[in-house]
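Below is one structure; the comments refer to it alone.
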Amino acid sequence: MIVLEWLLTIVAPCDAAEPWQLGSQDAATPMMQGIIDLHHDILFFLILILVFVSRMLVRVLWHFYYEFHPFPQRIVHGTTIEIIRTIFPSIIPMFIAIPSFALLYSMDEVVVDPAITIKAIGHQWYRTYEYSDYNSSDEQSLTFDSYTIPEDDPELGQSRLLEVDNRVVVPAKTHLRMIVTPADVPHSWAVPSSGVKCDAVPGRSNQTSISVKREGVYYGQCSEIRGTNHASIVVEAVSLKDYGSRVSNQLN
């Protein structure tokens with residue numbers, strides 16, 4: 001019973017990495033849910049292949065072990081088994097390729113008319129976020145910096161080296177467009193729960209689409225090894241009615 005509770009704990013849904021965690025973080029977007037489903041589908045085929053190959057190896061060891069069979073069986077040709085082992089390996093990649101191509105194209109698709117556009121600018125020691133569709137009183141885009149909270153200064157309940165002073169607040173169940181660009185060196189914007197990893201290359205802007213399907217706080221990190229204390233990314237999804245007030249608080 002204790003072992004079962006331990007297994008249920010480490011495979012429980014989560015929006016941030018947990019000690020001894022097995023599997024992916026809980027999906028917060030349809031894109032991440034598709035990635036998890038594809039992983040489970042491929043794992044199913046891998047288990048079938050493992051069982052089939054293991055059975056063949058066990059039979060070979062049994063029929064050709066000298067103590068059990070001093071005179072091993074002599075099988076020269078097997079037309080049926082040769083046809084099966086030729087056709088099946090060619091069919092299995094087709095079952096894997098069709099859903100993977102569909103998922104790949106959906107990940108590259110960018111929403112034509114997103115409700116909100118957020119620009120993430122990577123710096124070596126922090127990140128800057130710009131809400132282009134949300135103007136302040138002086139008609140300027142809302143812009144704020146986000147720093148990783150130092151290791152010796154977290155509050156109770158905050159994750160070590162994951163929490164930031166200013167989170168990216170987004171509305172749940174809304175199509176978003178993220179524009180990612182660096183101010184100096186290459187960066188990346190990655191949040192595992194959303195299934196998004198967008199590289200930021202100097203001199204250009206990359207974009208990706210996100211549709212968070214539930215409220216919550218999602219943690220990510222930059223995948224590039226750059227300056228210290230810049231890696232943390234925290235996205236907080238709130239209801240649409242609370243979104244305006246939460247974004248306005250970023251200025252205070």
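Of the residues Val180, Ile179, Val191, the one that meets the side chain to side chain contact (heavy atoms under 4.5 Å, CB included) test with Cys198 is Val180.
Side-chain atoms of Asp41 and Phe95, non-hydrogen and from C-beta on, never get closer than 4.5 Å to each other. Using a 4.5 Å cut-off on side-chain heavy atoms (C-beta onward), Asp26 and Arg214 make contact. Contact check for Val170 versus Val235: side-chain heavy atoms found under the 4.5 Å cut-off. The shortest distance between side-chain heavy atoms of Ser239 and Glu215 falls below 4.5 Å. Between Thr143 and Thr128 the shortest side-chain heavy-atom distance falls below 4.5 Å. Using a 4.5 Å heavy-atom cutoff, the side chains of Ile36 and His40 are in contact.
A donor-acceptor pair shorter than 3.5 Å can be found between the side chains of Arg177 and Thr117.
The two atoms that bring Leu162 and Ser232 nearest to each other are O-CB, 3.4 Å, heavy atoms only.
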What's the verdict on side-chain contact (heavy atoms from CB on, under 4.5 Å) for Ile49 and Ile92, showing C-alpha distance, side-chain angles and the deciding distance?
-> CA-CA 10 Å; Ile49 295 173; Ile92 291 177; 4.2 Å; yes
Start with the C-alpha distance between Phe144 and Arg167, add both sets of side-chain angles, then the distance that settles side-chain contact (heavy atoms from CB on, under 4.5 Å), and finish with yes or no.
-> CA-CA 10 Å; Phe144 62 91; Arg167 296 173 174 177; over 6 Å; no
Would you please test Val51 and Arg55 for side-chain contact (heavy atoms from CB on, under 4.5 Å) and show each step?
-> CA-CA 6 Å; Val51 172; Arg55 181 179 181 277; 5.5 Å; no
Show the numbers, then the answer: is there a side-chain contact (heavy atoms from CB on, under 4.5 Å) between Trp189 and Thr208?
-> CA-CA 10 Å; Trp189 198 86; Thr208 184; 5.6 Å; no
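The aromatic rings of Tyr126 and Tyr147 sit parallel to each other, their planes meeting at less than 30°, with 60° as the upper class boundary.
Within a 6.0 Å sphere centred on CZ of Phe45, other residues, nucleotides and ligands contribute more than 12 heavy atoms.
Atoms OG1 and CD1, from Thr148 and Ile233 in turn, are 9.0 Å apart once rounded to the nearest 0.5 Å.
Using modelled atom types, one side-chain atom of Thr174 and one backbone atom of Ala172 make a donor-acceptor pair closer than 3.5 Å.
Identified under the salt bridge (charged side-chain N to carboxylate O under 4.0 Å, His left out) test for residues 191-200, with sequence neighbours left out: Lys197-Asp199.
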